[in-house]
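Following: one structure in structure tokens, then a few remarks.
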Amino acid sequence: MKFKRSERIVFITEYLSRRPNERIPLSVFVNKFSQAKSSISEDLRIIKAVFEEESIGRIETTHGAQGGVTFIPHISYEKATKIVNQFKQEISETKRILPGGYLYLSDIVGNSSLMAKFGDLIATMYDDKKIDAIVTIATKGIPMAHAVASKLNVPVAVIRKDNKITEGSTVSVNYVSGSTRKIETMILAKRTLEEGSRVLVIDDFLRAGGSINGVITLMEEFKATVVGVSVLVESKDTPGNRRYKDYTSIVKVSKIDEYNETFVVEEGNCLEYFRKG
């Protein structure tokens, strides 16, 4: 069957989009369409131009015997700003305040469309960090962790607070909760994360920083390098003793008034990356 160029472009676009950050040999498309490499290369040039124009991502090609093509999701400052503004609007709804100054975020992390956008945003910020795995804490951080992992094409390691027989051998550490000042435990299965991995930590809410401190301590047991920490919401009212200072947040909240159910929302520091770049 002979394919038209438009048909080849549709197929290649879909194929690459489902395999971000994976080098695909050109021979895959050459054999599929029975076309010369020069024709496939021209198809890729068209796709590359559209992806860059629409702020979808980058198409990178390598030559030689090991040559291939890689799709790297990457959004623009303008698109990142729209995502942050949409989130600010979503989170500014009333009656989100929970006892203790926390925010109700279950509907946000359950919004698959919004999570996919956060995945694009965070993956763009960390696409040059050579990340081996995403690490998060059960349970609310899991949807965003998977959204980012799907863009970076890496596995997700989920830290839990209770031991499960289905996890096999585990590593655990004790840490001091930043909000309650109680001693708590974090557990991660040994098979979940390879020793020496470069990891990006994802969480939903950063308050005093006790949980993140615990994650970093647990990563030391795996001899893993924490190359970044990114959170959905950061509280400005309780900075606490945050061990990891170079984190990114999508929005910041402050002046949380439980009695009147009011709080102030502003953009997080994530857009600083896009302004610089």
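Computed from a predicted model, the values in this text were never measured in an experiment. All heavy atoms count here, side chains included; hydrogens, waters and symmetry mates do not.
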### Query
Rounded to the nearest 0.5 Å, how far apart are NE2 of His74 and NZ of Lys151?
13.5 Å

#### Entry: Val10-Ile40 co-clustered via ILVMFWY side chain contacts under 4.5 Å
no

### Query
Under 3.5 Å, is there a donor-acceptor pair linking the side chains of Thr248 and Asn269?
no

### Task
Verify, without hydrogens or angle tests, whether Thr124 (side chain) and Ile75 (backbone) share a donor-acceptor contact under 3.5 angstrom.
yes

### Message
Would you say that Phe205 contacts Leu105 through its side chain, given a criterion of any heavy-atom pair below 4.5 Å between the two side chains?
### Response
yes

### Task
For side chain to side chain contact (heavy atoms under 4.5 Å, CB included), just list the numbers for Lys182 and Val176, CA-CA rounded to whole Å, side-chain angles, deciding distance to a tenth of an Å, and then say yes or no.
CA-CA 6 Å; Lys182 294 181 179 179; Val176 179; over 6 Å; no

#### Entry: Centroid-centroid under 6.0 Å between Tyr15 and Phe29 rings
yes

## Note on the structure
For Thr70 and Arg23, the nearest pair of non-hydrogen atoms, with its separation, is OG1-CA, 3.4 Å

### Task
Could you please spell out the steps behind the side chain to side chain contact (heavy atoms under 4.5 Å, CB included) verdict for Arg8 and Ser39?
CA-CA 10 Å; Arg8 297 201 306 265; Ser39 296; 4.3 Å; yes

### Query
Is there a donor-acceptor pair under 3.5 Å between the side chain of Glu261 and the backbone N or O of Glu258?
no

### Query
Would Ile97 end up clustered with Val251 when hydrophobic side chains under 4.5 Å apart are linked, directly or stepwise?
yes

### Query
Checking salt bridge (charged side-chain N to carboxylate O under 4.0 Å, His left out) for the pair Lys4/Glu7: CA distance, chi angles, key distance, verdict?
CA-CA 5 Å; Lys4 298 177 182 178; Glu7 294 170 329; 5.6 Å; no

### Task
Test the Lys95-Tyr104 pair against the cation-pi criterion, namely NZ or CZ under 6.0 angstrom from the six-membered ring centroid and within 45° of the ring axis.
no

### Message
Just verifying a value: how many Å separate Ser254 OG and Glu234 CD, rounded to the nearest 0.5 Å?
### Response
10.0 Å

#### Entry: Student check: side-chain heavy atoms of Asp203 and Ile212 closer than 4.5 Å
yes

### Query
Heavy-atom count around Arg191 CZ within 6.0 Å, excluding the residue itself: above 12?
no

### Message
Assess whether a salt bridge exists between Asp43 and Lys48, defined as any Lys/Arg side-chain N lying under 4.0 Å from an Asp/Glu carboxylate O.
### Response
no

### Message
Looking at Arg160 and Met186, would you say the former's side chain and the latter's main chain have a donor-acceptor pair under 3.5 Å?
### Response
no

### Task
May I ask whether Ile187 and Val156 are part of the same hydrophobic cluster, defined by side-chain heavy atoms of I, L, V, M, F, W, Y residues being less than 4.5 angstrom apart, directly or through others?
no

### Query
Are Val109 and Leu98 co-members of a hydrophobic cluster defined by side-chain heavy atoms under 4.5 Å apart?
yes

#### Entry: Lys161 side chain near Glu184 side chain, heavy-atom distance below 4.5 Å
yes

### Message
Does Val69 form a side chain to side chain contact (heavy atoms under 4.5 Å, CB included) with Ile59? I'd like the steps, not just the answer.
### Response
CA-CA 7 Å; Val69 56; Ile59 296 293; 3.5 Å; yes

### Query
Side chain of Ser92, backbone of Lys88: donor and acceptor closer than 3.5 Å?
yes

### Message
Checking the side chain of Thr13 only, and the main-chain atoms of Ile9 only, is there a donor and an acceptor separated by less than 3.5 Å?
### Response
yes

### Query
With the 4.5 Å side-chain cut-off for hydrophobic clustering, are Val264 and Ile256 part of the same group?
no

### Task
To the nearest 0.5 Å, tell me how far Thr170 OG1 sits from Asn163 CG.
4.0 Å

### Message
Restricting to non-hydrogen atoms, name the atom on Gly57 and the atom on Phe71 that form the minimum distance, rounded to 0.1 Å.
### Response
CA-CE1, 3.9 Å

#### Entry: Rounded distance (nearest 0.5 Å) linking atom CG of Asp162 with atom OG of Ser172
12.0 Å

### Query
Any side-chain heavy atom of Arg96 sitting closer than 4.5 Å to one from Phe263?
yes

### Task
Using the six-membered ring wherever Trp is involved, compare the ring planes of Phe3 and Phe33 and label them parallel, tilted or perpendicular (cut-offs 30° and 60°).
perpendicular

### Message
So which atom in Leu232 and which in Phe118 form the shortest heavy-atom distance, rounded to 0.1 Å?
### Response
CD1-CE1, 3.3 Å

#### Entry: Check: Ser55 side chain, Ser76 main-chain N or O, donor-acceptor pair, under 3.5 Å
yes

### Query
Roughly how far, to the nearest 0.5 Å, is OH of Tyr126 from CG of Leu121?
10.0 Å

### Query
Per the side chain to side chain contact (heavy atoms under 4.5 Å, CB included) rule, which among Ile122, Val154, Asp120 passes with Val148?
Ile122

### Query
Are more than 12 heavy atoms from other residues, nucleotides or ligands located less than 6.0 Å from atom CD of Glu53?
no

### Query
Any donor and acceptor pair, going by atom type alone, linking the side chain of Asn153 with main-chain N or O of Pro20 inside 3.5 Å?
yes

### Query
From Asn111 CG over to Glu90 CD, what is the distance, rounded to the nearest 0.5 angstrom?
6.0 Å

#### Entry: Tyr77 six-ring face occupied by Arg275 cation (under 6.0 Å, within 45°)
no

### Message
So which atom in Phe87 and which in Leu114 form the shortest heavy-atom distance, rounded to 0.1 Å?
### Response
CD1-CD2, 4.3 Å

### Arg5 side chain reached by Ile46 side chain, heavy atoms, under 4.5 Å
yes

### Query
Is Lys140 atom NZ crowded by more than 12 heavy atoms from other residues, nucleotides or ligands, each under 6.0 Å away?
no

### Query
Just wondering, do Leu200 and Val135 contact through their side chains at under 4.5 Å, heavy atoms?
no

### Short side-chain to backbone donor-acceptor contact, Thr136 and Ile202, under 3.5 Å
yes

## Note on the structure
By salt bridge (charged side-chain N to carboxylate O under 4.0 Å, His left out), Glu266 pairs with (sequence neighbours left out) Lys236

### Message
Determine whether a donor-acceptor pair (N or O, by modelled atom type, separation under 3.5 Å) exists between the side chain of Thr192 and the backbone of Leu188.
### Response
no

### Check ion pair Lys223-Glu220 (N to O, under 4.0 angstrom)
no

### Query
Is the shortest heavy-atom distance from the side chain of Val84 to the side chain of Ile250 under 4.5 Å?
yes

### Whether over 12 other heavy atoms sit under 6.0 Å from Gln89 CD
no

### Query
Taking C-beta and beyond as the side chain, do Ile137 and Val215 meet within less than 4.5 Å on heavy atoms?
yes

### Query
Going through the distances and angles, do Leu44 and Ile12 end up as a side chain to side chain contact (heavy atoms under 4.5 Å, CB included)?
CA-CA 8 Å; Leu44 290 170; Ile12 294 173; 3.8 Å; yes

#### Entry: Side chain Arg198, main chain Lys130, donor-acceptor under 3.5 Å
yes

